[in-house]
Amino acid sequence: MMNNEVKMPANFAAIDENEMVYLQGGATTEATAWDVFLNVGKLFNYIARVFSAGSSIVNNINVIVTTFQTLSTFSLTAKN
C-alpha cells in the first residue's frame with residue numbers, strides 16, 4: 001500500500017489561494033522540448049542574420065573603395 005502523505009519542511013508557510021495566482025507563471029513548465037528547440041532555432045537565425053548583414057556591409061565597403069581606387073587611376077587614353 002502506498003502512503004500519499006506530503007511532508008513539509010519545518011519553516012513552511014502556507015499561502016492562500018489568492019496568493020498562488022501571483023506565484024504561478026514564472027516557470028517554463030508549459031514549454032515543450034519542441035518549443036525550446038524552435039526558440040533556439042530562432043536565436044541562431046537572428047545571429048546568422050546579424051553576421052550576414054555585417055558581411056554584406058563589409059563587402060559593400062570593399063567594393064566602393066576598390067571602385068574609387070580604380071577610378072582614380074583611370075584615364076581616357078588607350079593605355080588603360
Side-chain angles (χ1 to χ4, degrees):
M1 182 184 288
M2 293 176 39
N3 186 1
N4 293 330
E5 182 179 340
V6 177
K7 295 184 180 182
M8 298 296 182
N11 59 354
F12 170 75
I15 57 174
D16 189 52
E17 231 179 90
N18 293 331
E19 292 174 311
M20 287 184 194
V21 173
Y22 298 113
L23 295 176
Q24 288 180 337
T28 57
T29 55
E30 296 176 7
T32 63
W34 181 247
D35 292 332
V36 172
F37 176 76
L38 291 178
N39 287 338
V40 170
K42 287 179 185 177
L43 174 65
F44 285 141
N45 188 13
Y46 294 143
I47 292 171
R49 286 182 185 186
V50 167
F51 283 110
S52 176
S55 174
S56 295
I57 291 169
V58 169
N59 187 46
N60 289 341
I61 291 171
N62 185 30
V63 168
I64 291 168
V65 169
T66 305
T67 302
F68 276 112
Q69 288 174 343
T70 304
L71 288 175
S72 68
T73 60
F74 184 78
S75 63
L76 294 175
T77 63
K79 296 181 182 179
N80 289 334

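All values reported here derive from a predicted model rather than from experimental measurement.
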Check your understanding: Do Val58 and Val50 belong together in a cluster built from hydrophobic side chains that touch within less than 4.5 Å?
Key ->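 No; Val50 is not reachable from Val58 via cluster members.
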
Review point. Do Leu43 and Asn39 have side-chain heavy atoms sitting under 4.5 Å apart?
Key: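 The answer is no, as the side chains (C-beta and beyond) never meet within the 4.5 Å cut-off.
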
Exercise for review: Spell out, as yes or no, whether a donor-acceptor pair under 3.5 Å connects the side chain of Ser72 to the backbone of Gln69.
Suggested key: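 It does hold such a pair.
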
Point to revise | Pairwise distance CG(Asn59) to CD1(Ile64) - rounded to 0.5 angstrom | key: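 So the gap between those two atoms works out to 10.0 Å.
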
**Study point:** Point-to-point distance, once rounded to the nearest 0.5 Å, from CD1 of Ile47 to OG of Ser52
**Key:**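 So the CD1 of Ile47 and the OG of Ser52 are separated by 13.5 Å.
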
**Study point:** Where Thr67 and Val63 come nearest, the two heavy atoms and their spacing
**Key:**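 Result for this residue pair: OG1-O, 2.7 Å.
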
